[in-house]
Every structure is written in structure tokens, then in C-alpha cells.
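For reference, the structure is listed below as C-alpha cells.
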Amino acid sequence: MTKRNRIWRSVFPAVCLILLVVYMVLCAAVKPDRILCRTTVNGAELGGMTAEAATGILEEKIRSCLEESVLTISFQGDMYQVDVRKALEYDCEAAVEKALRPGRENFFLRGGLLLKAAFTGRELPLTPVADQGILQEAVRDSGLLEADSRTEPSYKEENDQLVITVGKSGWKADEEKLLEAVREAVLSGDYKNVLACPTVEAAAEPVDLERLHEEICREAADAALDPENGYEIIPSVTGVDFDLEHARSLLEQAQEGDTVAVDLIRTMPGVRTEDMEAHLFQDVLAEFSTSVGGSENRKTNIRVAVEKCREIILNAGDEFSFNHTVGEQTAETGFKKANAILDGKIIQAYGGGICQVSTTIFEAALYAGLYIPERWCHTYVSSYADPGMDAAVAWDALDLRIVNDREYPVKLEVVYEAGRLTATFWGTRMEDMPIEIETEVLDDSGSLLKVMTYRKNYSPDRSHFFVEKISYSEYLNSSRRVD
């Protein structure tokens with residue numbers, strides 16, 4: 001045995017003992033409540049820290065990372081931002097617990113783990129948990145799912161034509177693949193690189209002719225007055241239409257991006273806005289007056305009824321109802337008791353005498369040429385109107401109804417002053433058509449009087465006329481006149 005061997009044999013045990021002592025010191029140096037040196041989690045240095053301190057550092061690091069958790073995704077050259085911050089959750093406590101685990105291994109293993117950490121370091125990942133529902137909502141909020149490179153069909157009105165441009169095919173986001181790409185980017189923590197949006201081919205949207213027809217086309221409408229807005233003029237509307245089948249035929253032959261032109265059919269209104277403004281209520285269509293007599297109560301009733309009929313405006317096609325306008329006659333509505341007829345007998349009733357108001361309006365309507373769908377006669381001939389020229393009313397039984405069958409609005413004005421009751425119809429006289437009212441006695445046997453009322457409507461030059469049968473009247477005791 002050489003001298004060197006003898007020395008080595010005497011030194012080797014000592015060296016081993018020293019190394020063993022050093023290793024044991026290293027094992028003892030590892031503290032279970034401290035993270036090994038050079039340990040990082042998501043780039044945060046946690047070596048030597050307690051669980052509490054490491055958790056605080058890691059949470060601060062995650063807060064900073066979350067501020068940058070916004071993906072940039074490109075679609076056809078446009079950039080979209082997908083903010084995924086609300087969808088991510090990080091379990092910092094679990095990550096710190098994992099970082100502490102080596103210090104809690106078997107005592108004799110700790111020294112080796114410490115040496116490994118000192119020389120190579122330990123990088124532990126902290127992967128977020130992504131809430132898929134919130135992640136999908138973030139993608140939807142970015143607008144990517146609405147991104148579409150197709151050209152939509154369009155139209156415009158030009159030179160009395162409807163010019164329709166057919167849409168073009170393109171691309172739109174592939175939602176399923178887009179969500180998968182977002183999930184992968186989130187799990188990898190890659191927020192710096194721009195993602196290309198996965199796409200799928202999208203066919204051009206067809207032209208919805210029915211919807212277009214509904215949107216474009218409208219009926220012609222005359223100018224009118226708005227009773228809900230102080231009778232302001234409602235503007236007239238020019239009617240628009242087009243041949244739906246012809247348009248469909250043209251589109252069937254068109255290619256993507258082509259334009260087709262369809263002729264528009266326009267219908268002018270009978271009464272334009274400017275006509276209404278120029279001619280509204282410019283003419284007296286007819287005026288009729290009667291002399292008021294009788295008791296003070298009767299005159300009061302006439303005055304109350306006149307107040308309710310003072311100014312009535314009827315648009316074309318509107319109907320005037322005396323009963324609807326005046327309402328039920330009671331003491332509460334301001335009426336008094338006066339002479340009235342019930343079953344052929346004179347009685348005292350609230351509203352007695354208001355038939356003179358309806359009669360005066362009726363006669364004015366006759367001469368104005370308005371349509372009168374309902375009118376009733378009295379039991380006896382009235383003292384203020386000739387036979388066949390009166391108009392009896394009774395609440396909820398007999399009514400006087402007048403319809404404005406003209407193109408322009410009509411206004412009824414009723415005035416009671418100086419013992420005279422006057423009804424005037426204002427309107428627009430498009431041409432002068434004289435009117436005459438005639439009555440024909442069909443039977444006058446003394447106990448019964450039968451009368452037919454006619455209206456003669458002449459042409460402007462009075463060269464011809466047509467006759468309307470207005471109403472039939474039947475009275476008791478033709479010699480008797482009552483108020």
C-alpha cells in the first residue's frame with residue numbers, strides 16, 4: 001500500500017463525516033414555514049418568505065397581471081379588444097402551499113431539495129381558472145361575433161325608381177374556434193401577440209322583398225287635422241308602390257353585387273298639405289237660422305246645448321252625433337225642465353227645447369250638402385221649422401248624425417244671440433254646386449201628415465241635377481204646432 005493510499009484511507013472517513021455533517025446542517029437549515037430560495041411563481045420571487053408574505057406578494061403580482069389581461073384579435077384587418085379580466089380567477093394560496101411543500105418533505109430529503117433550488121432555481125406556474133360563461137360574454141362584448149365582411153343588400157330611391165343592390169358573400173367569425181383560441185391564449189398568458197380570428201365563409205343575405213315592400217310602400221293619405229294636437233295640420237302622404245313580382249324576377253337573374261332598378265308607382269293625395277293650408281275653412285258651405293221663443297228654462301236649455309256645439313271640427317269621413325256631443329240632459333249637466341213631447345203628450349223634461357238646436361244644425365247640413373245617416377221627426381210639426389225640416393233628438397233613443405263626406409275638413413259653428421239661433425258650416429268649396437231642398441206632402445188627411453224631404457244637387461252651370469231622398473216624416477194633427 002502506497003503512502004498516498006494510506007493517507008486517503010485515513011482522510012476519506014473524515015471527509016465523509018464532514019460532508020454528512022454539512023448535509024445535515026443543510027437539512028436542518030430548511031424551515032417548513034419558509035419557501036426555498038430562488039423559488040418564483042409567475043415571475044414573482046418568493047424565496048425565504050412565509051406563506052402570508054408570499055401570498056401578499058403573489059396577489060399583488062396577479063392584480064398587476066390582470067390589468068394587462070386584454071387580448072387583441074384581428075379580423076379582416078380590424079382590431080378587436082377582448083377584456084377577459086372578469087373571467088379569470090387565480091388561487092394564490094394553493095400556489096404558495098405548493099411552493100412550501102419541499103420544506104415539509106422528509107428531513108433527509110430537504111438538503112438535496114435546497115441544493116437543487118440554490119443551483120437551478122424553481123419556477124412554479126400559477127394557471128388561472130377561466131369562467132367559460134364570462135369568457136364567452138367578453139368575446140360577445142368585443143363585437144367580434146357581429147363582425148362580418150359580407151356586403152349587405154341595400155336600396156335607395158332615385159329618379160322614381162327603387163335601386164336595389166344585391167349583397168356579396170364574405171367571412172364572419174367562427175364562434176366555436178374563436179372561443180377555443182381565446183381559452184388557449186388565456187391559459188398560456190399570452191396577451192402580447194395579436195390573435196387572428198378564426199373565420200367561416202358566410203353567404204350573402206338575400207334581399208327580403210316582402211320586408212322591403214312593407215318598408216317602402218305606403219298608401220296615399222290626404223292632409224287632415226289632428227284633434228289630439230290642437231287641430232294642427234297632419235301632412236299629406238304621397239302613396240308609393242312597386243311591382244313585387246317584377247322585382248322578384250329581376251333579382252332572380254342578378255349576380256352578387258349587381259344592381260336592379262324597379263319603377264316606383266306614386267299616387268298623389270287628393271288633398272295636399274299646401275292645399276289644406278291655403279283653403280282650410282275658407283268658404284261658408286251653408287248657414288241657417290231660427291228664431292227662439294218659449295220659456296226661460298227652454299232658452300237656458302238651448303244656450304247649454306249651443307255651448308256644447310259651439311265649434312265642432314270634422315275631418316273627412318268623421319261623424320257628428322248630436323247626442324254624443326251634447327250628452328245626457330240632467331240637472332247635473334246644467335239643463336232645466338221645459339216642454340217636451342212623450343207619447344204624444346206635452347210633459348216637463350230636462351233639456352226640453354234642445355231639438356231646436358238639432359233642427360237648426362240639420363237644416364244647415366242639408367244646404368251644405370253633407371251626408372245625414374240619421375234624422376227623426378217630431379210627433380207634431382214644430383213651430384220653428386216647416387214639415388219635413390225638423391230633427392227630433394232624445395237621449396239614448398233619437399239622434400241626429402251628420403257625416404263629412406267631403407275631401408276637406410268641415411267646421412260647425414253654432415251661435416245663440418239676440419233671440420236667434422244660427423248654425424254655420426265652414427269648409428272648402430271646390431266648385432259651386434247649388435242645392436235646393438224640397439218637401440213633398442204625401443198625405444194630409446188632417447189627423448196625419450206625411451212628408452218626404454228631397455235634396456236637389458245641381459251642376460255648377462245648373463244644366464242638370466240629381467235628387468237625394470233625405471228623409472220621411474210623419475206627424476199627428478197637421479194643424480198643431482208646438483215648441
Side-chain angles (χ1 to χ4, degrees), residues 225-228 230-231 280-281 283-336 338-340 349-378 382-385 389-406 408-427 470-471 483:
L225 301 180
D226 186 356
E228 303 298 325
Y231 289 97
L280 182 63
F281 305 141
D283 301 308
V284 174
L285 302 180
E287 181 177 278
F288 197 84
S289 296
T290 56
S291 179
V292 178
S295 68
E296 288 303 315
N297 280 3
R298 184 176 187 277
K299 293 175 181 177
T300 295
N301 291 337
I302 289 175
R303 189 174 293 108
V304 173
V306 165
E307 190 61 34
K308 295 177 182 292
C309 300
R310 182 169 294 279
E311 187 171 288
I312 305 296
I313 293 177
L314 303 176
N315 274 312
D318 285 356
E319 179 180 275
F320 164 78
S321 163
F322 186 88
N323 282 344
H324 177 77
T325 302
V326 174
E328 186 175 5
Q329 297 91 57
T330 64
E332 290 73 21
T333 56
F335 291 95
K336 297 184 179 298
N339 286 350
Y350 287 107
I354 65 169
C355 289
Q356 184 166 354
V357 180
S358 59
T359 293
T360 307
I361 294 173
F362 168 65
E363 296 209 40
L366 278 175
Y367 286 100
L370 299 175
Y371 173 52
I372 304 169
E374 183 177 357
R375 168 267 176 189
W376 302 87
C377 67
H378 288 81
S382 300
S383 61
Y384 46 81
M389 301 296 289
D390 59 323
V393 291
W395 174 252
D396 207 25
L398 310 179
D399 198 6
L400 170 66
R401 294 186 295 122
I402 300 168
V403 175
N404 176 18
D405 54 352
R406 294 170 172 263
Y408 283 82
V410 166
K411 178 169 64 175
L412 167 63
E413 289 183 347
V414 185
V415 177
Y416 174 39
E417 58 185 13
R420 298 289 295 177
L421 180 60
T422 302
T424 306
F425 280 98
W426 293 84
I470 298 297
S471 58
D483 289 337

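Between the side chain of Asn404 and the backbone N or O of Asn315 there is at least one donor-acceptor pair closer than 3.5 Å. The backbone N or O of Ile354 sits nowhere less than 3.5 Å from a side-chain atom of Asn301 that would complete a donor-acceptor pair. The closest donor-acceptor contact from the side chain of Thr360 to the backbone of Ala423 lies at 3.5 Å or more, if one exists at all. Between the side chain of Arg298 and the backbone N or O of Gly293, at least one donor-acceptor pair lies under 3.5 Å. Under a 3.5 Å cut-off, the side chain of Asp390 and the backbone N or O of Ser382 do not form any donor-acceptor pair. Here the side chain of Arg375 pairs no donor or acceptor atom with the backbone of Thr359 at under 3.5 angstrom. Side-chain atoms of Glu374 come within 3.5 Å of backbone atoms of Asp399 as a donor-acceptor pair (strictly under, hydrogens ignored).
Few gaps surround CH2 on Trp395; more than 12 heavy atoms of other groups in view lie less than 6.0 Å from it. Crowding of Lys336 atom NZ: a count of heavy atoms from other residues, nucleotides or ligands under 6.0 Å not exceeding 12.
With a 4.5 Å cut-off on side-chain heavy atoms, Leu280 and Leu225 count as touching.
Note: Tyr384 and His378 have perpendicular aromatic rings, judged against thresholds of 30 and 60 degrees for the angle between ring planes.
Across all non-hydrogen atoms, the minimal contact from Cys309 to Thr325 is SG-CG2, 4.0 Å.
Residue Phe288 holds its CZ atom at 10.0 Å from OG1 of Thr422, rounded to the nearest 0.5 Å.
Between the side chains of Glu413 and Trp426, at least one donor N or O sits under 3.5 Å from an acceptor N or O.
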